[in-house]
Amino acid sequence: MAAAVTSSITTRGSRGPAAPRGVRSWWGLLALPGGVALLFFFILPLGEILVRSLTDPSPENYLRAVTSEVVRSSFVTTFVVSILTVAFCILLGYPYAYVMARSRSAVAGILGFCVLVPFWLSILVRTYAWTVWLQNTGIINSFLLDVGLVNEPVQLMRNALGTVIGMTHVLLPFMVFSMYASMKRIDLGLERASRALGAGPIRTFLRVYLPLSLPGVYSGSLIVFVTSLGFYLTPAILGDAAKPLVGQLIVEQVNQALNFGMGSAIGILLLLVTLLLLALGMRFAKFEDIVGLRGDQ
């Protein structure tokens, strides 16, 4: 009986003192500014876009959008580019995150700083910087021509390759930090136990470390993929104008064709597809992993 009472007291104490009811009610007000901003800068504009897609001139906008070969081709191109971007982010980001997670704090801090540097530069500057490397008279083609590897410039931009390169550069930090957060939660004692039981380093990595790091891979992939669906600036500069992504197509409908209803309908369709993919992705990537709320268990 005494042990049960002691356990109950210890359990309650570990949770910390409960906040008074009045204080808890005031905490809810902290979300009020964010909620108001979300209402005025997201929900209301989104509602206006929805209304315009149905009334400018009619709901037939959606029928025209889903039956248009241009729109379907744009969605397919967007999905392909987004999948390739996710693949390259994983290939480049996993080794980098692995080294960050296994390094000392000082080295991990330097590596993290190198990943964060691009965030401090304008996406426009970063994208135009890639044109210096990828254009026909750029650094890469000049080098290939000088050493005799090619006889004429290689088309590295104004196509899907240039778009994937630029988007991978922009979105790679999201993948790296998602995987890094997952890897830091892995108990290294499990690796030592695996090695003690006779497993080699490769088998230990494949059977122990890799499965435990997959939540970070899933969450990072979901973030990168969903973000890639709405990209506009990078594909507009580095991509092929003849095969636009959905974001480019929406801008063309609104700014050039002045077809606000059609552009709004395509935007709503993209939003619905994104929400559907998020719902499916949540079966593999937990919300706590995506926003980084899950602590060590």
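Please read these numbers as outputs of a predicted model, since none were measured by experiment. The residues of the chain are indexed from 1 along the displayed sequence.
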### Query
Mind checking what makes side chain to side chain contact (heavy atoms under 4.5 Å, CB included) contact with L84, not counting sequence neighbours?
V80, V164
### Query
Which residue pairs pass the side chain to side chain donor-acceptor pair (under 3.5 Å) test with at least one member in residues 75-95, sequence neighbours excluded?
Y94-S213
### Message
Please enumerate all residues that pass side-chain hydrogen bond (donor to acceptor under 3.5 Å, both in side chains) together with Q256, with sequence neighbours excluded.
### Response
none
### Message
I'd like to check the side-chain hydrogen bond (donor to acceptor under 3.5 Å, both in side chains) partners of S182; sequence neighbours left out, ordered by chain and number.
### Response
none
#### Entry: Residue list, side chain to side chain contact (heavy atoms under 4.5 Å, CB included) with D56, at least two apart or on another chain
R52, F260
Taking distance alone, no hydrogens or angles, what donor-acceptor pairs closer than 3.5 Å link side-chain atoms of residues 148-160 to residues at least two apart or in another chain?
{"from": "Q155", "atom 1": "NE2", "to": "M157", "atom 2": "O", "distance (Å)": "2.7"}
{"from": "R158", "atom 1": "NH1", "to": "I237", "atom 2": "O", "distance (Å)": "2.6"}
{"from": "N159", "atom 1": "OD1", "to": "L161", "atom 2": "N", "distance (Å)": "3.3"}
{"from": "N159", "atom 1": "OD1", "to": "G162", "atom 2": "N", "distance (Å)": "3.0"}
{"from": "N159", "atom 1": "ND2", "to": "Q155", "atom 2": "O", "distance (Å)": "3.0"}

Per-pair distances, 0.1 Å, donor-acceptor, side chain in residues 110-128, under 3.5 Å, sequence neighbours excluded:
{"from": "S122", "atom 1": "OG", "to": "L124", "atom 2": "N", "distance (Å)": "3.1"}
{"from": "R126", "atom 1": "NE", "to": "P118", "atom 2": "O", "distance (Å)": "3.1"}
{"from": "R126", "atom 1": "NE", "to": "L121", "atom 2": "O", "distance (Å)": "3.3"}
{"from": "R126", "atom 1": "NH1", "to": "P118", "atom 2": "O", "distance (Å)": "3.3"}
{"from": "R126", "atom 1": "NH2", "to": "L121", "atom 2": "O", "distance (Å)": "3.3"}
{"from": "T127", "atom 1": "OG1", "to": "I123", "atom 2": "O", "distance (Å)": "2.8"}
{"from": "T127", "atom 1": "OG1", "to": "T234", "atom 2": "OG1", "distance (Å)": "3.3"}

### Query
Quick one: do L44 and V51 end up in the same hydrophobic cluster if we chain Ile, Leu, Val, Met, Phe, Trp and Tyr together by side-chain heavy atoms under 4.5 Å apart?
no
### Task
For Y98, check side-chain hydrogen bond (donor to acceptor under 3.5 Å, both in side chains) against everything at least two apart and list the hits.
R102
### Task
Sequence neighbours left out, what passes side-chain hydrogen bond (donor to acceptor under 3.5 Å, both in side chains) with R195? Give chain and number order.
none
Quiz: residues 202-210 side-chain donor-acceptor pairs under 3.5 angstrom, not counting sequence neighbours:
{"from": "T204", "atom 1": "OG1", "to": "S194", "atom 2": "OG", "distance (Å)": "3.0"}
{"from": "T204", "atom 1": "OG1", "to": "G200", "atom 2": "O", "distance (Å)": "2.8"}

#### Entry: Pairs touching residues 220-252 that satisfy ring-ring contact (aromatic ring centres under 6.0 Å, His included), sequence neighbours left out
none
### Message
Once side chain to side chain donor-acceptor pair (under 3.5 Å) is applied, what residue pairs with a partner in residues 257-278 remain, sequence neighbours excluded?
### Response
none
